[in-house]
Amino acid sequence: MSALFLRCAFAETSALAALDRGTLPDYEQWRRRLYLLEHRHVAGQPDHLLKDYRDSRLPVVGLGATHGFGTIALDVLLQLAARYLERCAGRVVVRAPMFQDWHQMITHLSPLAIQVAFRVEEGRAPQDPAALIEWLQDEIGETALLAPADPTLEHLIESEGLHELHMHLNGSTEVDVIWQDALRHPDRYAGHLRTGLSQEIVADLYEGLEAGLDSYLIGGRLRAARRIRYMLAENLAEVERGGKDRLGLGATLNAARADLSDGALERSDESAVAEQNCRPKSSTVLKNAHPFLILAPWVSTTTPPIVLEAAFLFRVLSALRAGTLGEASGLALFHSLAVQQQVIALTVQQLSQFGFDQFQKFTMTEMRSKLESESYAPRLRQLTLHPDYRLIRHLEGRFAPKNTDADNKALIAKIIRGAMQFRGMKPPRNNFDILNRNVPNCLLGSPGRFGRPDFELSLVAHFIKGKDFADPESGLFRGQRQKLQRQAQALEASWRTSPAIRDLLQGVDAAANELHNPPEIFAATFRRMRRVGIPHATYHAGEDFAKLKAARLARQGR
């Protein structure tokens, strides 16, 4: 893989642990541990080859006050941008031969940061702040995900549109959006993580990433990253007004402490921070605002968070590249990207993780739950791509049915409301008015203000396989059968009493880990849905093949 060492530059946990304590990591130790990280995943390569590869990308030259960490963030992002991205027909795209490699690499790093670095290096962006926001909004839209330039595929998209036939409406939010939400509400976010961490397989995921990692440490690191970003923005604003770069190493390291709240930080060691003349005052003033508002307080509140983040990264990377910000600012950026990398590692399945058991850990971390409980409209804009959302013609959205009719209706009403907002329509205020009339034609193939004129939405209810804790020994799965029965009764009531649900709900499915339930316990549920009138059914099978293997071995007499 051509991104060796660059892809894990922010993943070495001892460096982040040192910053948690307010101390500078050891740069040579960091480089040595990066080698060990990659050595685990790159088989058949001698030491000298891997170390030469590392040294060519992360050299030990020009170490300053931050012992190398002041420049590494900018260097890594610029190298990755040059390796993977190009501009074709006016758009930033992934180089076609590198597309598979790119998909693997962005399981480790933010694609937004890399494409912003590309735009910094190419030098096309306008210098005026208002023009920069407008330009980035046109360039990026509401998704950081990129594709290669493929004229044949683009013609197909433009003329016919794509049919997405299996999209989980929950669990699809991209990591750059999740990162912004986590920074806005670090304590509330950590609270959701604690819910997920109560499950053993999620605890496995945390421990595999870093010994002793838990939701409290993640929350502390998020608070530290937020205030460091505020400090970075304050310092850059001062520099852009003609002042001096006043962000010092001591202030940055003090703000990086994960064990301190914002208020405790301002009360601790005030003389040392004041000596740097750059106290993190905005950490308690702005609270949930994006740090770019320090640089441009006039920015509209309707600007997508991903565009605000792109503008913030653009200004910081441009200043670091031009030398108007010093090494302490580079260290601040390194810290932010290292914390973000942990959010990514807990949100996106890594290449080293195989099988449904390991995939399912990511469905239970609660990394997306806070954000995705709020609205579906941003997800639909993300899924259908920028700028005019013409990618998808038919979207089959999948959701997990609830235990009561009321909960089903609340969820489906939220999906319909988000879809109407995506199409540019104002939805009714209350769920009753949404559900007790037919779905608007703009969700069934007729034009709306946004998206393809022939856009269609349909829904499929995922009945979830799960371990039977109520009846773990008998093998009859009585508890799981009862749960499925409750959900089927509730979904039948929703179908019979809501015209909107009958318009959209096209099928049912049995999803999740096939090691937990045999197929036969879903038979009664599927028969009931067929009698109700729901027209289609599918069944997830073959992800792990355990039962198929057992049957084959039994036939062979083993």
Side-chain angles (χ1 to χ4, degrees), residues 3 6-7 9-11 73-87 91-95 98-99 102-122 124-125 132-148 172-184 222 225-226 229 232-233 290-293 295 299 303-321 332-348 367-368 371 378-379 381-383 385-387:
L6 299 176
R7 65 181 179 175
F10 310 109
L74 175 66
D75 290 345
V76 166
L77 294 177
L78 289 177
Q79 287 185 64
L80 290 171
R83 182 175 300 275
Y84 286 107
L85 304 182
E86 63 182 349
R87 189 174 286 274
R91 297 180 295 117
V92 175
V93 298
V94 182
R95 298 178 189 274
M98 306 292 287
F99 188 50
W102 166 262
H103 261 281
Q104 295 175 353
M105 192 272 301
I106 62 173
T107 64
H108 301 270
L109 291 168
S110 158
L112 181 66
I114 298 167
Q115 61 166 296
V116 169
F118 177 87
R119 291 180 171 91
V120 168
E121 185 69 15
E122 75 171 347
R124 289 190 178 198
L132 175 64
I133 284 286
E134 185 177 348
W135 184 75
L136 286 172
Q137 191 152 0
D138 186 57
E139 287 267 304
I140 295 172
E142 294 192 43
T143 177
L145 302 179
L146 295 175
S172 57
T173 301
E174 62 189 87
V175 73
D176 278 295
V177 178
I178 296 169
W179 169 240
Q180 290 308 302
D181 188 61
L183 288 171
R184 283 197 300 273
L222 288 170
R226 180 175 64 172
R229 284 156 55 91
L232 187 55
H290 194 282
F292 187 70
L293 296 180
L295 297 166
V299 170
T303 304
I306 204 166
V307 174
L308 293 177
E309 179 69 2
F312 173 69
L313 289 171
F314 187 93
R315 298 274 283 275
V316 171
L317 290 173
S318 296
L320 289 170
R321 182 174 177 273
L333 181 60
F334 175 87
H335 175 271
S336 177
L337 293 171
V339 177
Q340 184 187 35
Q341 196 281 331
Q342 289 208 318
V343 172
I344 294 171
L346 291 169
T347 307
V348 180
M367 296 295 285
R368 293 177 168 90
L371 182 64
R379 248 163 296 165
R381 290 194 291 268
Q382 168 203 315
L383 294 172
L385 291 186
H386 179 78

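Residues L6 and L109 have side chains not in contact (no heavy-atom distance under 4.5 Å, counting atoms from C-beta outward). In this structure, M98 and M105 have side chains that are not in contact, with every pair of non-hydrogen atoms separated by 4.5 Å or more. For the pair W179/L222, a side-chain contact is recorded, criterion being any heavy-atom separation below 4.5 Å from C-beta on.
Under the side chain to side chain contact (heavy atoms under 4.5 Å, CB included) criterion, A338 pairs with F10, L16, sequence neighbours left out.
The 12-atom threshold is exceeded at CD of E122, counting heavy atoms of other residues, nucleotides or ligands nearer than 6.0 Å.
Note: F314 CZ to I140 CD1 = 10.0 Å, rounded to the nearest 0.5 Å.
A distance-only check finds a donor-acceptor pair linking the side chain of R368 to the backbone of T173 [under 3.5 Å]. Side-chain N or O atoms of Q115 include one that pairs as donor or acceptor with a backbone N or O of A144 at under 3.5 Å.
For S172 against Q382, the heavy-atom pair with the smallest separation is O-NE2, 2.9 Å. In terms of heavy-atom proximity, Q104 sits nearest to H108 at O-CD2, 3.6 Å. Across every non-hydrogen atom of T143 and E174, the tightest pair is OG1-OE1, 2.6 Å.
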For side-chain contact (heavy atoms from CB on, under 4.5 Å), just list the numbers for I114 and W102, CA-CA rounded to whole Å, side-chain angles, deciding distance to a tenth of an Å, and then say yes or no. CA-CA 11 Å; I114 298 167; W102 166 262; 4.0 Å; yes
List, one per line, each side-chain donor-acceptor pair under 3.5 Å for residues 303-311, sequence neighbours excluded.
{"unit_1": "T303", "atom_1": "OG1", "unit_2": "S300", "atom_2": "O", "d": "3.0"}
{"unit_1": "E309", "atom_1": "OE1", "unit_2": "Q180", "atom_2": "NE2", "d": "2.9"}
{"unit_1": "E309", "atom_1": "OE1", "unit_2": "R229", "atom_2": "NH2", "d": "2.7"}
{"unit_1": "E309", "atom_1": "OE1", "unit_2": "H290", "atom_2": "NE2", "d": "2.8"}
{"unit_1": "E309", "atom_1": "OE2", "unit_2": "R229", "atom_2": "NH1", "d": "3.0"}

